[in-house]
Amino acid sequence: MSGLGLALRLLPVEVRARYREETEADLADLRGHRRARYVIGFWLTVPALRHALRRPQIGLDGHRIRLRCRLGLHHWHTYRTADNAPYRRCDRCGHDDDLGHPVAGEGSMAAAMSVYQATQ
């Protein structure tokens, strides 16, 4: 883990713990040359990842996107389209939930299952 530990130190401090947990979980499933390939691949992507995490991102309102949103921890709010279909949008950064997740309390179990099957 020392090779990855050094690579993780190149990332911004506020996201290191998250990436440490993810890389440790990924490595737990790998053995031998696959493990070495993963470490090398991570080292090759660290500069781009660092740049993306440190670059200020601007939301729809012209303000910087908060770290929570950059990490995918959005503050979802349900809105409706012109044809009354529900969709979710983050109130902080304006990101739309484009993954097709059903909105809580909306639709039938059959609709929810179709969304689940589409993601599998």
Side-chain angles (χ1 to χ4, degrees):
M1 181 61 185
S2 62
L4 277 179
L6 187 57
L8 289 167
R9 291 186 60 103
L10 297 174
L11 298 179
V13 69
E14 62 270 10
V15 296
R16 283 184 200 159
R18 173 187 172 218
Y19 281 96
R20 180 177 310 281
E21 289 175 10
E22 288 184 12
T23 55
E24 287 175 355
D26 291 342
L27 285 174
D29 295 333
L30 301 175
R31 300 286 179 253
H33 72 282
R34 290 183 180 180
R35 190 178 187 103
R37 179 187 284 169
Y38 180 89
V39 172
I40 292 168
F42 188 79
W43 263 103
L44 292 174
T45 60
V46 162
L49 180 59
R50 176 186 164 108
H51 176 73
L53 291 170
R54 296 189 76 172
R55 179 176 51 118
Q57 296 179 357
I58 307 301
L60 296 176
D61 61 357
H63 292 92
R64 288 179 63 158
I65 296 176
R66 294 181 181 170
L67 177 63
R68 289 180 52 105
C69 291
R70 289 176 27 198
L71 295 175
L73 303 172
H74 295 283
H75 186 260
W76 298 115
H77 184 83
T78 302
Y79 294 95
R80 297 204 170 266
T81 62
D83 63 348
N84 208 27
Y87 70 95
R88 298 186 324 166
R89 174 173 281 167
C90 177
D91 284 342
R92 289 191 295 244
C93 70
H95 179 76
D96 287 333
D97 180 14
D98 55 355
L99 298 177
H101 292 116
V103 176
E106 294 290 339
S108 64
M109 183 56 120
M113 288 304 294
S114 68
V115 170
Y116 174 76
Q117 291 170 349
T119 61
Q120 298 300 316

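Reckoned from all heavy atoms, side chains included, excluding hydrogens, waters and symmetry mates. Computed from a prediction, not measured in an experiment: that's the story for all the values here.
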Novice: Testing the basics here: between W76 and R88, what is the closest heavy-atom pair and its distance to 0.1 Å?
Specialist: NE1-NH2, 3.4 Å
Novice: Apply side chain to side chain donor-acceptor pair (under 3.5 Å) to R18 and list each qualifying residue two or more places apart in sequence or on a separate chain.
Specialist: E22
Novice: Go through the structure and list residues passing salt bridge (charged side-chain N to carboxylate O under 4.0 Å, His left out) with E21, not counting sequence neighbours.
Specialist: none
Novice: Give the other cluster members for I40, using side-chain heavy-atom distances under 4.5 Å between Ile, Leu, Val, Met, Phe, Trp and Tyr residues; answer none if it is isolated.
Specialist: L44
Novice: Is it true that, when you exclude R16 itself, more than 12 heavy atoms of the residues, nucleotides or ligands shown sit nearer than 6.0 Å to its CZ?
Specialist: yes
Novice: Which residues pass the side-chain contact (heavy atoms from CB on, under 4.5 Å) test with P12, not counting sequence neighbours?
Specialist: E14, V15, L53, R54
Novice: Calculate, to the nearest 0.5 Å, the distance between atoms CZ and CG belonging to R50 and L8 respectively.
Specialist: 12.5 Å
Novice: Can you list everything that forms a side-chain contact (heavy atoms from CB on, under 4.5 Å) with V39? Sequence neighbours excluded, please.
Specialist: L4, L27, W43
Novice: Can you name the nearest heavy-atom pair linking G5 to R20, along with the distance?
Specialist: CA-NH1, 4.2 Å
Novice: With H77, which residues qualify under ring-ring contact (aromatic ring centres under 6.0 Å, His included), at least two apart?
Specialist: Y79
Novice: Under the side chain to side chain donor-acceptor pair (under 3.5 Å) test, which residues partner D83, sequence neighbours left out?
Specialist: T81
Novice: Taking side chain as C-beta onward, heavy atoms only, is L49 less than 4.5 Å from Y19?
Specialist: yes
Novice: Which residues pass the side-chain contact (heavy atoms from CB on, under 4.5 Å) test with R68, not counting sequence neighbours?
Specialist: L73, R92
